[in-house]
Amino acid sequence: MLDPKLIRANLDEVAQGLAKRGFELNVNLLRSLERERKEIQVKTENLQSERNSRSKNIGKAKAAGEDIAPLLKEVDQLKQDLASAETELHEVQNKLDEYLSTVPNIPATEVPEGASEDDNVEVRRWGTPRQFDFEVKDHVDLGASIDGLDFDTASKITGARFAVMRGGIAKLHRALIQLMLDTHENEHGYEEVNVPYIVNAESLYGTGQLPKFEEDLFKLNDERGFYLIPTAEVPVTNLLRDTLLDKGAELPLKFVAHTPCFRSEAGSHGRDTRGMIRQHQFEKVELVQFVRPEDSDAALETLTGHAEAILQKLGLPYRTVILCGGDIGFSAAKTYDIEVWVPSQDKYREISSCSSFRDFQARRLKARYRDPETGKPALLHTLNGSGLAIGRTLLAVMENYQQADGSILVPEALQPYMAGATRIQA
RNA sequence: GGAAGGGUGGCUGAGUGGUUGAAAGCACCGGUCUUGAAAACCGGCGUAGGUUAAUAGCCUACCCAGGGUUCAAAUCCCUGCCCUUCCGCCA
């Protein structure tokens, strides 16, 4: 949610900022709703004030033993006027809230112009894609030949976009999780948390998945209106919903969580249908930070570095891009995507997305801290990033470390987590 | 699933339908005292919105959430959510 005061005071600048991401702010609607709101609110509050003082007088008169009947008569009309004014005010405020909750965050000034992912700008590259002296297989074929990846059985059990992993591949998958959790905890200073995988609508609203993106979610057929998490960002960021951190609280707060993620992938029919790139269920190690406003820009840089560190440990070539205005997510002010080299596709594919939301999520969440300067409550800034998506990391390891005989070498960083195994083969 | 009791400020915790935005304590901030600190003492200290040049005043809302009764609701009624205790069930 954008700051309503900012919108009120700088409507045209806000509209201009949002235009960068291709969002057309309904300036006329906002102007007229705001005018209405102001008028009705003033009227309502005046009536409330009137009622309060008259009620107090009635109380006093009664205590003094006077006849209150004439006073009650006076107040009769006021009561009706107030009721209708309050109803009117509710309606305008609901309309305003409803619209504002669908308005995305304003992209940071350094976010490049552009309409789609084609306009994202590369900021750095690490590693050199390996030259293969044999025909490269993709992870689906590699997985099948060593009996480690089975999409057909998964589709029998459930349906399309699910996977069964077995033996060495399942172990490799688990080793990746362990490596990431340990690295972020021991080397990058994150606290590991374990959180619910089922969340309520308020939590999804807080991080911005609702109300606009319900079709991307799996909703439980349950009268409580629960959803499966699409990312750990939702439960972990909601740790601080409706919270005012005490003055002594240490900032930043940094959390790392390993969770499954569930996405309905509505609207992506026909995209990445082969293999593990796009699944309804996948696992991810997620990094989440709560920081002071003045620290959030720097925090995005270090957080992105934390995600990159995993790829470096694994020796996987990658590049980092900054998303252009047209490609950036609803709640984000600035996002870096990290893309790993996928040999079978001969290109870099997204494996992590690291974003600063500034105060956009915090305003929806009411996640605040006490500013030591002023002693007043202030909104925190939130950030998160995948550190990393496990399924995509797995396929990157498989493809980049494949051998001519179809076996897969285990990167050194993972060997301790695999009882020292150096190779996965049939 | 059954029974009972609860949800009040950053935290703990009082609260009679009527100058209660709410006692008290803790924490925090300022001061006195002290070489300094602690202790003690004195004072201050909720959040959000509106209006405004204003972080000044004034007004409004907020005691889990949403409805209702009333001239007036933290206080009475209804619904929901959550918590605690006991019983049952259970990984």
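Chain A is the first sequence line, chain B the second, and so forth, proteins listed ahead of strands; every chain is numbered from 1.
Both distances falling under 3.5 Å, in either a Watson-Crick or a G-U wobble arrangement, occur for no nucleotide opposite B/C45. Remark: B/A40 base-pairs with B/U32; criterion is Watson-Crick or G-U wobble with both hydrogen-bond distances under 3.5 Å. When both pairing distances are held under 3.5 Å, B/G57 makes a Watson-Crick or G-U pair with B/U51. With a cut-off of 3.5 Å on both pairing distances, the Watson-Crick or G-U wobble partner of B/U84 is B/A4. Base pairing of B/U70: no nucleotide in any strand meets the Watson-Crick or G-U wobble criterion (both distances under 3.5 Å).
Annotation: B/C33 and B/G17 have their P atoms spaced 48 Å apart (nearest Å). Spacing of C1' atoms, B/A24 relative to B/G18, comes out at 24 Å, to the nearest Å. Across B/A14 and B/G80, the matching C1' atoms stand 28 Å from one another, rounded to whole Å. Remark: the separation of the C1' atoms in B/C83 and B/U8 is 15 Å, to the nearest Å. Comparing the same atom, C1', in B/C26 and in B/G9 gives a spacing of 13 Å after rounding to whole Å. Annotation: B/U60 and B/G36 have their C1' atoms spaced 49 Å apart (nearest Å). Separation of the P atoms belonging to B/C87 and B/G15 is 29 Å when rounded to the nearest angstrom. Of the C1' atoms belonging to B/G57 and B/G5, the separation is 46 Å, rounded to the nearest Å.
When the P atom of B/U20 is taken as reference, atom NZ of A/K60 falls 11 Å away, rounded to whole Å. We find that CG of A/N52 is positioned 14 Å from P of B/U20, with the value rounded to whole Å. Across the protein-nucleic acid pair, A/E50 atom CD and B/A61 atom P stand 13 Å apart, rounded to whole Å. Atom-to-atom, CZ of A/R241 to C1' of B/C81 comes out at 12 Å; the value is rounded to the nearest Å.
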Enumerate donor-acceptor pairs with a distance under 3.5 Å from any side-chain N or O in residues 75-82 of chain A to protein atoms, sequence neighbours excluded.
from: A/Q77; atom 1: NE2; to: A/D81; atom 2: OD1; distance (Å): 3.0

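Remark: aromatic rings of A/Y369 and A/F290 are distant, center separation not under 6.0 Å. Side-chain rings of A/F360 and A/H381 stay apart, their centers remaining 6.0 Å or farther from each other.
Classification of A/K137 and A/E399 as a salt-bridged pair fails, no side-chain N sitting under 4.0 Å from a carboxylate O. Electrostatic pairing of A/K254 and A/E191 does not count as a salt bridge here, judged by no charged N lying under 4.0 Å from a carboxylate O. In this structure, A/R161 does not pair ionically with A/D272, as no charged nitrogen and carboxylate oxygen lie closer than 4.0 Å.
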Could you list, one pair per line, each protein nitrogen or oxygen that sits under 3.5 Å from a nitrogen or oxygen of nucleotides 62-73 of chain B, together with the distance?
from: B/C71; atom 1: OP2; to: A/K79; atom 2: NZ; distance (Å): 3.1
from: B/C71; atom 1: O2'; to: A/S55; atom 2: OG; distance (Å): 3.0
from: B/A72; atom 1: O4'; to: A/S55; atom 2: OG; distance (Å): 3.1

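Contact check for A/E233 versus A/Q361: side-chain heavy atoms found under the 4.5 Å cut-off.
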Q: Let me have a per-nucleotide readout for nucleotides 47-58 of chain B, 5' to 3', with B, S or -, counting only protein heavy atoms under 4.0 Å.
A: SSBSS-------
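In the displayed structure, A/R8 atom CZ is contacted under 6.0 Å by more than 12 heavy atoms of other residues, nucleotides or ligands.
By the 6.0 Å and 45° rule, A/R263 does not stack over the aromatic ring of A/F218.
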Q: Go through A/R271 and A/E265 one step at a time and tell me if the salt bridge (Lys or Arg N to Asp or Glu O under 4.0 Å) criterion holds.
A: CA-CA 10 Å; A/R271 290 188 69 191; A/E265 295 297 341; over 6 Å; no
